[in-house]
Structure formats: C-alpha cells, structure tokens
K.L.:
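Structure in structure tokens, see below.
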Amino acid sequence: MTYHEILKKYWGYDDFRGIQREIIESIGEGRDTLGLMPTGGGKSITFQVPALAVDGVCIVVTPLIALMKDQVANLRSRGIRAVAVYSGMKTSDVITALENCIFGGYKFLYISPERLTSELFLAKIKKVKVSLITVDEAHCISQWGHDFRPAYRQIGLLREMFPGVPVLALTATATPAVVKDIQQQLRFAAENCHSMSFERKNLVYVVRNTENKQQELLHILNRMPGSAIVYTLNRKKTKEVCDFLTAHGITAEYYHAGLAPESKDAKEEAWKSGKARVMVSTNAFGMGIDKSNVRYIVHYNLPKSIESFYQEIGRAGRDGLPSETVMFFNVQDLIVLRNFAEESGQKDINNERLNRMQEYAEARVCRRRILLNYFGEISDRACCNCDVCHTPPQYFDGTILVQQALSAIKRCNENIGIFMLIDILKGVVSEEAQKRGYTQIKTFGVGRNVPARDWKDYILQMLQMGFIEIAYNENRHLRITPLGEDILFSRRTAELATIVREEPAKKKRKAIKETPDAPKKAEAGTLDSILLELLRIQRKRIATENNWPAYVVLSDKTLHELATKKPVTLEAFSDIHGIGKHKLEMYGETFISIIKDYLSK
C-alpha cells in the first residue's frame, strides 16, 4: 500500500497535514530525521504510517507509561498490532511481548529509555527485525532541553545494534540550540530537520496578575463549559485546589508523581472519560495524553520555563477548536521558582529560562509573537487573540533606538550579552570594555540619554519581537535575526511600547471574546446539538464496554461532523473526518442507525 492508502485505511484521512508527508518521505528514503511539530500537529502519524509500509517492527522510545498505553490503545482500536514494555510488568509478560516481536506478532514496540539498560531486553531485541527507531519527546536527550533525562543518552546502544536503521526524533519544544544538540546526540549521519510552525491559532493566551487565585479559577471554569487541566507548582496544592473546586460543584481529580500507580490510573481514567471535568496536577501529568477536547489549560503558578509552558498549553484544543490558556502570576511565584533554580544542578541555565518566563508574563508585546520568536520562528505580526493585543500599550516609533542597539551588537561581532550591550550604549568605561576595544566603536555612548533601566526594557522588547535572539549555547551572546537586519539597514521600521514606571491607574480591560465550546460548522449545514448528544451517549457506551477513553472511539471533531452532515449510508459515513476502514466496519452501522432513527422522528 502507498502512504496515502495506509492513511485512508487506518485513520480515514484524505491527506497528510503540515509537514507529515515531508517527514514520512524522508524516513522512507532511509534518512535520519528530526521532526519539530507542536502538540496536536500529528507527530504519531509520521512514524506509524511509514512503519506500516515496510516489514519489521518500529521501536518507539518514549518517557511515560501513560503515553505508551494511550498510543497502544489508539493503534489497537484501528486494528494495528502494538505492545508496550514498561516497569511494573511481570518478567513473563515482558518475555512474551518481546518474543512476539521477534516472530512478527507486532508492528510497534513502545519502550522507556530505561529499558535500554536491561540485559533481558538487549538480549531479545537483537533478534527483532527493526524497521525504524522513533525517539519521542526527543528534547529530553539534550542538556539544553527543559526536561533533560540522562537515560535518553542510552539510545546510542540501539544505533550500534541497528546501524542501517533510520532514526526519527520528534519533539514539540526545541530552541535552535536544542535542535542542533538532538541531532548530535542521536548521531545523525547528516543534519536533517523538518519544522512545522509553532503557531496555534485556535489558542487564546491570557496572563492574570492576581492574589485571589481560587476565585479567579472558579470564575474561569464557571464562565464556559469544557474539560480543563490546572497545573500547580507542588503536590500539596493539587489536592487543595481540587477540594476547593469540588466544594463549589465542579467535578475534579488531582494528580502528582507521589500517588500510587493504581490511584494515578483511576484518576486519569476519570478525567479522560469525562467523569471528572478538571484535572489539577503538577507537571507530572499530561505528556502523552492524547485527549483532543481540552478547552482550558490554567497555570495556577508561573511555569519554570517557556519550553514547559508551551508544551503544557499545547494540550488544549488539539481538535483544532477554540480553547483558552490562562496563567496566574504574582511575585511570590517568582521567589519560590528562583529558589528552585538556585538549588538545581543547572543553576545558570534554569535562571535564564526563568528570566524568559518572567519576561513573557510581564510583557507588553503580543504573547503569541513572543512564543514564536523564542523557538526561532521569527514573526513580525500580532495575533489579535491574546490579552496584550486586546488591551495594547501605547507604542512609539523606536526605529532609531533599535538601530543603535543593533549597530552596537554588529560592531562587537555579536559577541556580547545584554548587560555589556547596555554598558556600551550608555558609554560605561569598564575594564572589560576597554580590554575588548568596545570603547572605540562608533556606537559607544550613543544612548547616554536613555536610562539603563529603560535600555534593558527596550532590549527585552527587541528580543520578544524577534529582532535579536540569545545563543544560550554560546555564552548567551546576542544574535541579530533577519528581521533585525531589515531594521538595522532601514528596510523597515520598529515600534516599541512606551515605558510606564509609575503605578498606572486601574484600567478596565476589554473582555476577551468568549469562544463557544461547539465548533465551527464543518461545511454548509447545521450542527444538531440533540443528535450530537445522542452520538456522544453511544460513543460513551462503546468506550465503557472496551475500557477505552471516549475519544479513542471517535473524536469530538468526528462527532460534530456527523451531527452536521448526518450521513445515512456507509459510503457517506466513510467520508467523515477520522473514519478509516476499521472504524467504518466497527461503528458505521451503529451510528448510522442512530442518525436514521433521529431523522425519522
């Protein structure tokens, strides 16, 4: 079968999305490949489709048991043979799974990186015909990544055992430095990165500076329906917030790494099945959870880094429907996180990440633009869908100030950081500036009349707007981006936000336009909410019988399209988004019968 035929048969999709086809073809050519795709971008299809097109087993290295179980259940629901080997399994079950892989019983084998140190696993895996090695959450292999895990470095053992097998590395969060490091650590034969836009147009970005977080959270959840995840900083807070929500009539569960495995499974299942609307958790929850209809992600505390923040908000709106992300921020959060950074094994790196996170929270620049620029996707336009864009600050033409700063960076051969740049602009004659000859450059002291504090603010705005970037792996020196070059050489102008130092009068914020829980119509036609509810009831019945999350049966997007198009034949049913051959055979008659009965009444 061709890649398109596989996609249609098992997933029911007519075509690939974004860069899926590019990655699949690259792997098909036997090339080591890095796929940079935001959460919800369809990473799993990029290795599942090419693996189904060839003989052999695809090994998938992934960090969490929940992710393994979720993807194995998804594959099996489509009639694809898959198995996971993880901690806590009986040795006999592990041996059975691995021997079935040896004899061709499975197409996909999911393992944790820690398995690569097991003598039993290494002895068995040598006998398996491996077609592809997939490394999910690949940023974990890089010391520059926000979630570095030393066990990922063991993946090199697989490369030694299967030297002719291509490697596909996948991640949703990687700065340019991490992208380079991933390919080096996985021993790519040649650099080969395919990157999808980090932009998630269906997400609203909001930051709330609040002291009464509980009431603010209650207001958000009561304002609109929908599933939600609330991230907190510590374990104690998960239960505290969960109890508060439950006391106010909102079904909720709490989750953290200290819970017993059976308790974690029960709580996760309650949330995935819809029995609990809200999951209150530490960052231990969410990686690999493929629930498509999460409408809210709330950060009860400031996250530790933009990478972790972006990964966590990526769990909202994976079905493409409007969803909201809200971050609560106050000074106490910053104090606690600063202490964590100081006590960590990577103090300098973690403090730098926290600085970027604080700057995002305090920004007067479009929040989506900040995120895109941080990950190297230079953007010069506002999203019009965040709180800053809805209540923008006053701007002025800052072209000359920006050119002065960029000129100083250029004349110093891009070998300076933020504080040295400020010293040069202010004309501060320091020992280092003299030693390096910076006091002799044309722009030395050109910005004497601007306070140092203001220069720092303007430089941060330049960073957030994508005029410059920080090379974290090169002593945090400043680099001028192509957009910055355009401003430096007067090919375009630059606006900066006016700095207001005094305590501003409280200004009534415009309400962000509330987005309905229901989706936009799939086509011409009317979404029938009564029929939608009948379809949901049937989906839940099937999911309960099979002990699956509801979305594994049919996604919300599929149900919405069914309730809009109302197909009454198998042929029409097969044209619905997400209906492949397996799901057509499994569920077609059942759901068509419900639609027919409803229309007849």
Side-chain angles (χ1 to χ4, degrees), residues 1-7 9-11 16 19-37 41-63 67-68 70-72 74-76 78-85 97-98 100-113 115-116 121-122 124-141 152 154-172 182-183 185-194 288:
M1 287 190 291
T2 66
Y3 294 143
H4 272 98
E5 288 169 342
I6 292 169
L7 184 71
K9 176 181 177 180
Y10 292 106
W11 283 270
F16 295 104
I19 60 171
Q20 287 177 334
R21 185 204 303 269
E22 294 175 29
I23 293 174
I24 289 169
E25 289 177 348
S26 178
I27 285 296
E29 293 167 0
R31 303 172 64 201
D32 295 334
T33 306
L34 171 58
L36 202 57
M37 305 169 74
K43 291 191 290 294
S44 59
I45 280 179
T46 63
F47 64 86
Q48 289 168 354
V49 168
L52 289 169
V54 296
D55 292 333
V57 177
C58 173
I59 298 177
V60 185
V61 182
T62 189
L67 186 148
M68 297 183 199
D70 206 68
Q71 290 213 4
V72 167
N74 245 312
L75 288 168
R76 288 179 176 177
R78 301 178 192 281
I80 300 169
R81 295 164 299 165
V83 69
V85 173
L98 294 176
N100 270 289
C101 289
I102 293 171
F103 294 110
Y106 293 110
K107 285 296 294 180
F108 295 91
L109 169 62
Y110 285 78
I111 62 168
S112 67
R115 277 283 151 189
L116 298 173
F121 175 82
L122 293 174
K124 293 289 184 182
I125 202 67
K126 288 177 183 177
K127 303 174 185 178
V128 176
K129 182 179 180 181
V130 176
S131 61
L132 174 63
I133 299 169
T134 299
V135 182
D136 200 11
E137 308 296 343
H139 59 271
C140 294
I141 203 170
Y152 260 67
Q154 300 299 320
I155 295 171
L157 293 174
L158 288 179
R159 298 239 63 177
E160 293 171 8
M161 294 170 70
F162 306 102
V165 175
V167 168
L168 171 59
L170 296 167
T171 182
I182 288 172
Q183 295 175 88
Q185 295 297 332
L186 289 174
R187 308 176 193 177
F188 273 34
E191 287 193 1
N192 180 27
C193 178
H194 296 262

K.L.:
Assess the side chains of S131 and D55: does a donor N or O sit below 3.5 Å from an acceptor N or O?
P.N.:
no
K.L.:
How far does CZ of R21 sit from CD1 of I23, to the nearest 0.5 angstrom?
P.N.:
12.5 Å
K.L.:
Using the rule given for side chain to side chain contact (heavy atoms under 4.5 Å, CB included), can you reason through Y110 versus V85, listing the C-alpha separation, both sets of side-chain angles and the distance that settles it, and then say yes or no?
P.N.:
CA-CA 6 Å; Y110 285 78; V85 173; over 6 Å; no
K.L.:
Are any non-hydrogen side-chain atoms of L132 and L168 less than 4.5 angstrom apart?
P.N.:
yes
K.L.:
Under a 3.5 Å distance rule, please check whether T33 uses its side chain to pair with a backbone N or O of R31 as donor and acceptor.
P.N.:
yes
K.L.:
Below 4.5 Å, heavy atoms only, C-beta onward: do R76 and F108 meet side chain to side chain?
P.N.:
no
K.L.:
Start with the C-alpha gap between V72 and V83, add the side-chain angles, then the distance that decides, and say whether side chain to side chain contact (heavy atoms under 4.5 Å, CB included) holds.
P.N.:
CA-CA 6 Å; V72 167; V83 69; 5.8 Å; no
K.L.:
State whether the side chain of N100 and the backbone N or O of G105 hold a donor-acceptor pair below 3.5 Å, judged by distance alone.
P.N.:
no
K.L.:
Can you find a heavy atom in the side chain of L158 that is under 4.5 Å from one in the side chain of L116?
P.N.:
yes
K.L.:
To check you understand the geometry: which heavy-atom pair defines the closest contact between I24 and P50, and what is its length?
P.N.:
CG1-CD, 3.9 Å
K.L.:
Are E160 and R187 ion-paired here, with the side-chain N under 4.0 Å from a carboxylate O?
P.N.:
yes
K.L.:
Nearest 0.5 angstrom please: L36 CG to I19 CD1, how far?
P.N.:
7.5 Å
K.L.:
Testing the basics here: between F188 and A169, what is the closest heavy-atom pair and its distance to 0.1 Å?
P.N.:
CZ-CB, 4.4 Å
K.L.:
Return the minimal non-hydrogen interatomic distance between P113 and P63, and the atom names on each side.
P.N.:
CD-CA, 4.2 Å
K.L.:
For A84 versus M68, what's the shortest heavy-atom pair and its separation?
P.N.:
CB-CB, 3.8 Å
K.L.:
Please step through side chain to side chain contact (heavy atoms under 4.5 Å, CB included) for the pair I59 and I125, ending with a clear verdict.
P.N.:
CA-CA 10 Å; I59 298 177; I125 202 67; 3.7 Å; yes
K.L.:
Report the distance from atom CE of M161 to atom NZ of K126, rounding to the nearest 0.5 Å.
P.N.:
5.5 Å
K.L.:
Do the non-hydrogen side-chain atoms of C58 and K107 ever get within less than 4.5 Å of each other?
P.N.:
no
K.L.:
Mind checking whether S112 and V61 have side chains closer than 4.5 Å, heavy atoms only?
P.N.:
no
K.L.:
Is there side-chain contact between W11 and I6, with heavy atoms separated by less than 4.5 Å?
P.N.:
yes
K.L.:
Using modelled atom types only, decide if a donor and an acceptor are shared between the side chain of R81 and the backbone of G104 within a distance under 3.5 Å.
P.N.:
yes
K.L.:
List the residues meeting side chain to side chain donor-acceptor pair (under 3.5 Å) with E22, not counting sequence neighbours, and say none if there are none.
P.N.:
H194
K.L.:
Sub-3.5 Å donor-acceptor pair from the side chain of Q183 to the main-chain atoms of N192, do we have one?
P.N.:
yes
K.L.:
So do L109 and V60 actually touch side chain to side chain, heavy atoms under 4.5 Å?
P.N.:
no
K.L.:
Nearest 0.5 angstrom please: K9 NZ to I80 CD1, how far?
P.N.:
9.0 Å
K.L.:
What are the two closest non-hydrogen atoms of Y3 and A53, and how far apart are they?
P.N.:
CE2-CB, 3.7 Å
K.L.:
Got a second to check how far L157's CG is from F121's CZ, nearest 0.5 Å?
P.N.:
10.0 Å
K.L.:
Is the closest side-chain heavy-atom distance between F16 and H4 below 4.5 Å?
P.N.:
yes
K.L.:
Taking salt bridge (Lys or Arg N to Asp or Glu O under 4.0 Å) as the test, write out the residues that go with K124, two or more places apart.
P.N.:
E99
K.L.:
Grab the two heavy atoms, one from V165 and one from D32, that are nearest each other, plus how far apart they are.
P.N.:
O-OD1, 4.4 Å
K.L.:
Let me see the working for M37 and Q20 under side chain to side chain contact (heavy atoms under 4.5 Å, CB included), right down to the final yes or no.
P.N.:
CA-CA 9 Å; M37 305 169 74; Q20 287 177 334; 4.0 Å; yes
K.L.:
When rounded to the nearest 0.5 angstrom, what is the spacing between OH in Y152 and CG in L186?
P.N.:
10.0 Å
